[in-house]
Amino acid sequence: MSRPKPVYIEDLKHHVGQEVEIRGWLYNKRSSGKIHFLIVRDGSGFVQGVVLKNQVPEEVFDLYDELTLESSVILRGVVREEPRAPGGYELQVTDVQLVHQAKDYPITKKEHGIGFLLPRRHLWLRSRKQWALMRIRSELEKAIADFFEDRKFVRIDAPILTPAAVEGTTTLFETDYFGEKAYLSQSGQLYMEAAAMAHGKVYCFGPTFRAEKSKTRRHLMEFWMVEPEVAYATLEDIMDLAEDFVVYLVERILERRREELKILERDTSKLEKVKKPFPRIYYSEAVNIIQAAGLPFKPGEDFGGDEETVISESFEKPVMVHHYPARIKAFYMKRDPKEPDLSLSVDMLAPEGYGEIIGGGQREDDYETLVQRIREYNLPLESYEWYLDLRRYGSVPHAGFGLGLERTIAWIAGVRHVREAIPFPRLLEKIYP
RNA sequence: UCCCCGGUAGCUCAAUCGGCAGAGCGGCGGGCUGUUAACCCGUAGGUUGCAGGUUCGAGUCCUGCCCGGGGAGCCA
């Protein structure tokens with residue numbers, strides 16, 4: 001007996017009428033007595049196998065009882081187009097092989113609470129929605145690389161172990177580095193500024209770490225960030241780039257991950273509206289929106305979750321808020337020469353209340369001013385000697401931004417909490433599995 | 001660190017005014033040739049988070065503790 005060719009479920013449409021082999025895991029099963037339905041997943045998709053009592057040997061038909069959820073199985077059968085089957089194709093099963101029997105798989109088809117699922121993240125990843133989310137994440141990572149490659153950016157990997165803080169040490173994970181203190185990176189930006197002076201247009205993409213005691217749906221202790229930095233760029237230039245970037249990412253997912261969005265029950269009409277141009281408003285205009293909505297807010301302060309929600313819900317597209325008060329932004333942010341109390345900064349807020357996905361702006365490029373800022377912010381000048389070198393030797397105007405990957409995924413995929421946007425989330429005081 | 005909510009069967013939850021601790025799913029046994037988180041019949045399954053208090057009587061009220069979730073601050 002010749003063994004049929006192993007194929008992936010996503011390729012079944014090219015094998016209609018042929019006998020194939022699917023190697024995967026049992027996702028679900030149903031039976032009506034003399035007909036069994038086996039829903040199998042193989043990583044590339046889900047397919048229903050139909051086992052008819054009068055068409056397979058008795059021992060194959062009876063194997064149904066041994067096939068517990070998440071057991072690994074090999075199905076052989078003929079591919080058929082079938083409107084009654086989920087996905088449109090099904091397998092007329094000729095043979096079933098049990099590779100390994102899973103005993104009492106804990107995650108069932110019914111609802112579970114987050115407290116039950118998170119400690120079982122290694123298994124939860126197999127569930128349909130989580131599967132869809134990780135495929136969207138993977139596609140976004142590809143889209144990020146493609147976007148910058150198309151625009152001739154050079155990818156520069158920032159270090160993860162760093163000697164000093166970018167914005168103070170209170171929220172850093174500290175570790176020992178041969179007897180000296182070192183910290184896990186909370187941003188690659190300063191290194192990107194150095195790299196931009198070497199390559200003009202650069203970006204980094206990697207994990208960053210914040211030891212903030214944050215316990216909200218928008219926070220992770222370890223998250224991934226994309227940080228482009230462009231020499232000779234202004235605030236305007238970087239807003240244009242951020243806009244193009246986000247439009248590109250949304251388009252890519254709509255184009256290549258529509259099935260996954262459907263599994264997640266995402267309302268794609270809201271994503272279709274994400275086209276240029278995005279509204280750009282001054283911080284002061286954002287304050288007006290907040291006050292018109294009746295929120296108690298002290299102008300000059302940074303926005304909290306409620307304020308961000310009110311602003312972003314005023315628009316159908318991501319909105320860019322720029323010219324924040326300088327005192328609530330980082331030391332390296334350049335001030336507007338016309339209004340020195342305001343910084344050349346921008347935040348992009350995602351619609352539907354998903355909050356800030358981008359933060360960036362133009363950097364201070366004058367040596368004396370930067371030294372003064374470092375002093376004003378009570379930061380150790382000696383740690384920034386190398387950074388100051390960038391202003392000593394051929395300083396130019398430059399700007400950049402950082403985009404939080406998980407918040408972007410949560411928004412595009414329409415999931416409420418960022419913990420589902422990363423394979424193994426690191427949450428406050430939780431590092432298992 | 002602060003604020004709010006919760007902890008009852010393996011899971012998700014219910015239990016009126018303080019009055020016999022229940023359902024669905026999952027498990028197990030049976031039935032069904034087109035199921036879509038299948039359905040139908042039957043069945044097993046409980047230290048109601050822990051400690052104390054009030055009461056004839058506490059899952060329910062009170063005190064303390066533990067654990068979990070959501071949010072604030074901070075940020076992407």
Tell me, which of residues 341-362 of chain A have any heavy atom that sits under 4.0 Å from an atom in RNA chain B?
-> Glu356(A), Ile357(A), Ile358(A), Gly359(A)
Does the pair Arg135(A)/Glu259(A) count as a salt bridge with the N-to-O cut at 4.0 Å?
-> no
Picking from rC75(B), rU12(B), rA72(B), which would you name as closest to the side chain of Arg407(A)?
-> rC75(B)
Quick one: the side chain of Arg120(A) and the base of rC11(B), do they pair up donor-acceptor inside 3.5 Å?
-> no
Show your reasoning for whether side chain to side chain donor-acceptor pair (under 3.5 Å) applies to Gln189(A) and Glu229(A).
-> CA-CA 8 Å; Gln189(A) 184 202 311; Glu229(A) 193 72 30; 4.9 Å; no
In Watson-Crick or G-U wobble terms, both distances under 3.5 Å, what is the partner of rU54(B)?
-> none
How far does the C1' atom of rA15(B) sit from the matching atom of rC66(B), given to the nearest Å?
-> 25 Å
Separation between the C1' atoms of rG19(B) and rC61(B), rounded to whole Å = 14 Å
Rounded interatomic separation in angstrom, taking CD1 from Ile328(A) and P from rC74(B) = 9 Å
Between CG of Asp302(A) and P of rG73(B) the distance, given in whole Å, is 9 Å
Assess Arg120(A) against Phe116(A): is NZ or CZ under 6.0 Å from the centre of the six-membered ring, and within 45 degrees of the ring's axis?
-> yes
Nearest-angstrom distance, C1' atom, rG29(B) to rC62(B) = 47 Å
Describe the nucleic acid contact of Arg419(A) in one word from base, sugar-phosphate, nothing, applying a heavy-atom distance below 4.0 Å.
-> sugar-phosphate
Write down the partner of rU1(B) under the Watson-Crick or G-U wobble criteria, each distance required to be under 3.5 Å.
-> rA72(B)
Select base, sugar-phosphate, or nothing to describe what Glu227(A) touches, counting heavy atoms under 4.0 Å on all strands.
-> nothing
Can Glu141(A) and Arg137(A) be counted as an ion pair, charged N to O under 4.0 angstrom?
-> yes
Base-pairing mate for rC39(B) - Watson-Crick or G-U, with both contacts under 3.5 Å = rG31(B)
Under 4.0 Å between a Lys/Arg side-chain N and an Asp/Glu carboxylate O for Arg327(A) and Glu376(A)?
-> no
When rounded to the nearest Å, what value does the distance between C1' atoms of rU1(B) and rA37(B) take?
-> 42 Å
Can you tell me the pairing partner of rU48(B) across any strand shown, Watson-Crick or G-U wobble, with both distances under 3.5 angstrom?
-> none
Looking at Arg217(A), does any N or O in its side chain come under 4.0 Å of the phosphate oxygens OP1/OP2 on rG71(B)?
-> yes
Pairing nucleotide - rG59(B), Watson-Crick or G-U, each distance under 3.5 Å | none
Span that lies between the P atom of rG26(B) and that of rC41(B), in whole angstrom | 14 Å
Could one point to a donor on the side chain of His219(A) or the base of rC75(B) with an acceptor on the other under 3.5 Å away?
-> yes
Aromatic contact, Tyr183(A) with Phe209(A) (centres under 6.0 Å) = no
Within the structure shown, what part of the strands sits under 4.0 Å from Gly115(A) by heavy-atom distance: base, sugar-phosphate, or nothing?
-> nothing
Expected string for nucleotides 23-35 of chain B under the B/S/- scheme (protein heavy atoms, under 4.0 Å, primed atoms plus P, OP1, OP2 as sugar-phosphate) is --S------BBBB
Pick base, sugar-phosphate or nothing for Arg218(A), based on heavy-atom distances below 4.0 Å to the nucleic acid.
-> base
Which value, in whole Å, describes the distance between the C1' atoms of nucleotides rU33(B) and rU43(B)?
-> 27 Å
